[in-house]
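Below is one structure, written out as structure tokens, with a few remarks after it.
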Number of protein chains: 2
Amino acid sequence: MRISQLADATGVGIPTLKYYLREGLLHAGEAESATRASYDASHVERVRLVRTLIDVGRLSIERVREVVAALEHPPATRHELLGTAHDVLRAHDQPRLGSPADGIAPAAVGQVAALGAPPCADSPAARQLGLALTAASAAGWPISDHTLETWAGAMRTVAGQDIDAALAGTSSADALRYAIVGNVLTDPVIIALRRVAQEQLSAEMLGGTGGQFR
Amino acid sequence: MRISQLADATGVGIPTLKYYLREGLLHAGEAESATRASYDASHVERVRLVRTLIDVGRLSIERVREVVAALEHPPATRHELLGTAHDVLRAHDQPRLGSPADGIAPAAVGQVAALGAPPCADSPAARQLGLALTAASAAGWPISDHTLETWAGAMRTVAGQDIDAALAGTSSADALRYAIVGNVLTDPVIIALRRVAQEQLSAEMLGGTGGQFR
DNA sequence: AATAGTGGATAGCGCTACTATCCAATGTCA
DNA sequence: TGACATTGGATAGTAGCGCTATCCACTATT
């Protein structure tokens with residue numbers, strides 16, 4: 001498969017593919033001669049992965065590079081694997097709110113611990129939660145323990161749906177790709193479902209039989 | 001309050017404030033003379049709102065302008081209000097996947113309808129859900145009806161937590177700001193909770209008493 | 001009178017993610 | 001054999017976004 005065919009197969013232009021090659025997002029094709037290389041199904045799959053991460057997940061090129069680096073040297077244990085996936089999916093660095101290393105409020109640390117999660121320093125997910133709680137609080141939107149616990153219960157239900165499949169890949173690289181792509185593609189679904197539920201609840205309160213709004 | 005004081009109060013530089021004024025994100029101060037205007041608490045609040053939407057919500061300047069425009073002409077009914085908020089919080093336009101108007105797969109339309117949500121064309125949230133389902137499916141990650149229903153139930157729980165407060169603002173503008181800012185600040189919390197739950201479930205399966213993986 | 005701050009306008013910058021152009025080497029087809 | 005297209009590789013340029021810097025005339029303060 002030539003680069004032009006790779007371009008046709010993926011819908012991505014040749015200059016962009018060359019860019020991805022330069023940036024290390026796409027592994028080189030097998031060189032047949034000085035001016036010829038052949039690409040295969042793995043390249044098609046890789047390009048689709050990159051486009052999904054960029055288009056749907058809004059990951060930067062730099063983040064995507066982290067993903068492919070992880071895929072090429074996947075962590076050995078399943079636990080590290082999920083940590084790697086979550087690390088790559090961490091929130092973007094916020095320009096103004098705190099420095100990257102610290103920035104988690106003590107109260108947020110306590111809330112994270114109260115959920116039974118590992119300490120913020122020990123897991124990407126816990127750290128991300130701490131940062132999100134801190135950001136909300138700093139913006140004048142503190143989240144009560146009760147609300148957080150309710151949400152956490154709901155999200156445990158959500159997580160239960162696909163955690164089996166996420167870690168059941170035949171190889172570490174498969175499982176890692178599964179965990180990353182799965183979260184990237186389904187996070188928007190989760191958020192959209194939240195909005196739909198908000199609208200439904202709102203409609204019930206406003207339009208239900210005798211239901212009056214507050 | 002002078003512009004320099006506004007800058008001090010918000011941590012945003014004067015050139016940036018001037019930029020926000022130019023772009024219509026920040027309303028003009030009250031002109032006292034040709035070279036003097038005074039700003040008040042409403043400006044401080046507005047700047048903080050803008051920074052929250054940009055830093056935490058990753059909204060573009062254009063989107064923030066939509067938010068501000070909506071705040072200045074808030075919709076009359078509570079139902080329209082939530083629609084406006086959700087419209088502003090819709091996913092970013094994806095460069096490659098489909099045109100903006102259509103692009104929702106028929107199967108996704110059916111799944112949205114099966115949840116009891118309004119048709120995709122009628123509500124921003126339903127439309128966003130349709131798009132997310134379509135994108136996932138196109139990327140080779142179809143979401144089963146069962147999974148979707150489970151997730152929807154969980155998200156109803158989540159939505160129940162703050163829908164009262166979201167619509168209970170004293171004015172339409174307050175309620176609108178509440179709905180927008182609340183979602184912007186808490187979406188990252190929801191997603192982080194999902195990750196934490198994934199790690200907890202994974203740890204239970206891997207490390208529990210006699211628990212074996214898969 | 002000197003100075004510093006202001007509103008207003010215009011231009012430039014840094015970054016990201018491409019996109020375009022050029023080149024020599026090679027493959028392809030007449 | 002020779003014209004022509006394509007390729008890999010390198011380098012440079014572009015578009016858009018979100019600021020940032022500079023300049024100016026004016027005005028309030030000292």
Side-chain angles (χ1 to χ4, degrees), chain A residues 1-40 43 46-68 92-97, chain B residues 1-40 43 46-68 92-97:
Chain A
M1 190 182 234
R2 302 286 130 71
I3 196 172
S4 60
Q5 294 172 287
L6 182 58
D8 289 345
T10 59
V12 176
I14 292 176
T16 303
L17 293 177
K18 287 184 170 186
Y19 171 67
Y20 290 165
L21 285 165
R22 285 199 302 277
E23 294 297 320
L25 310 188
L26 180 60
H27 46 296
E30 194 186 355
E32 293 176 347
S33 76
T35 66
R36 194 137 297 205
S38 77
Y39 302 89
D40 58 27
H43 295 89
R46 173 64 63 83
V47 173
R48 285 207 236 273
L49 170 68
V50 169
R51 295 303 330 174
T52 297
L53 296 178
I54 291 174
D55 290 339
V56 181
R58 298 186 76 176
L59 270 62
S60 67
I61 295 295
E62 172 62 28
R63 272 313 161 81
V64 177
R65 202 181 353 252
E66 285 180 34
V67 173
V68 304
H92 69 288
D93 300 330
Q94 290 175 3
R96 309 189 67 83
L97 289 165
Chain B
M1 191 185 235
R2 302 286 127 74
I3 196 171
S4 60
Q5 294 172 286
L6 181 58
D8 289 345
T10 59
V12 175
I14 293 176
T16 302
L17 292 176
K18 287 184 171 186
Y19 171 67
Y20 291 164
L21 285 165
R22 284 199 302 279
E23 294 298 318
L25 311 188
L26 180 61
H27 46 295
E30 193 185 357
E32 292 177 345
S33 76
T35 66
R36 194 136 299 204
S38 75
Y39 302 88
D40 58 27
H43 295 88
R46 173 64 64 82
V47 172
R48 285 207 235 272
L49 169 69
V50 168
R51 295 304 327 176
T52 297
L53 296 179
I54 290 174
D55 291 339
V56 182
R58 300 185 73 175
L59 269 62
S60 67
I61 297 294
E62 173 62 29
R63 268 318 158 79
V64 176
R65 206 185 344 255
E66 284 180 34
V67 173
V68 166
H92 68 290
D93 300 329
Q94 290 175 2
R96 310 189 68 81
L97 289 165

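All heavy atoms count here, side chains included; hydrogens, waters and symmetry mates do not. If you're wondering where the values come from, they're calculated on a predicted model, not measured in any experiment. Naming convention: chains lettered A, B, ... in sequence-line order (proteins, then strands); numbering from 1 in each chain.
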To the nearest Å, give me how far apart [atom1] ([X]) and [atom2] ([N]) are.
{"X": "B:Arg36", "N": "D:dA28", "atom1": "CZ", "atom2": "C1'", "value": "5 Å"}
{"X": "B:Gln5", "N": "D:dA28", "atom1": "CD", "atom2": "P", "value": "16 Å"}
{"X": "A:Leu6", "N": "D:dT7", "atom1": "CG", "atom2": "P", "value": "11 Å"}
{"X": "B:Leu17", "N": "D:dC19", "atom1": "CG", "atom2": "P", "value": "11 Å"}
{"X": "B:Arg2", "N": "C:dG8", "atom1": "CZ", "atom2": "C1'", "value": "17 Å"}
{"X": "B:Glu32", "N": "D:dC26", "atom1": "CD", "atom2": "P", "value": "19 Å"}
{"X": "B:Lys18", "N": "C:dT6", "atom1": "NZ", "atom2": "C1'", "value": "7 Å"}
{"X": "A:Asp8", "N": "D:dT6", "atom1": "CG", "atom2": "P", "value": "11 Å"}

Protein N or O to nucleotides 11-17 of chain C N or O, pairs below 3.5 Å:
from, atom 1, to, atom 2, distance (Å)
C:dA17, OP2, A:Ile61, N, 3.3

Exercise. Could you state the interatomic distance from CZ (B:Arg2) to CD (B:Glu32), rounded to the nearest 0.5 Å?
Worked result: 5.5 Å
Exercise. To the nearest 0.5 Å, how far apart are OG1 in B:Thr16 and CG in B:Leu21?
Worked result: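 Going from the OG1 atom of B:Thr16 to the CG atom of B:Leu21 covers 11.0 Å.
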For this session: Using the closest heavy atom to pick a nucleotide of DNA chain D for each, name whichever of A:Ala28 or B:Ser33 lands nearer the 5' end.
Result: A:Ala28
Exercise. Any chance the side chains of B:Tyr20 and B:Arg51 put a donor and an acceptor closer than 3.5 Å?
Worked result: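 Yes, because at least one side-chain N or O of B:Tyr20 sits under 3.5 Å from a partner of the opposite role on B:Arg51.
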Exercise. Within less than 4.0 Å of OP1 or OP2 of D:dT7, is there a side-chain N or O belonging to A:Ser4?
Worked result: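 So the side-chain polar atoms of A:Ser4 do come within 4.0 Å of the phosphate oxygens OP1 or OP2 of D:dT7, strictly under.
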For this session: May I ask you to evaluate whether A:Thr16 reaches the phosphate of C:dT19, defined as a side-chain N or O under 4.0 Å from OP1 or OP2?
Result: yes
Exercise. Closest approach of B:Thr10 and B:Arg48, non-hydrogen atoms and distance?
Worked result: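 For B:Thr10 versus B:Arg48, the nearest heavy atoms are CA-NH1, 4.5 Å.
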For this session: Going by the side chain to side chain contact (heavy atoms under 4.5 Å, CB included) test, name the single residue among A:Leu25, A:Leu26, A:Leu59 that passes it with A:Val50.
Result: A:Leu25
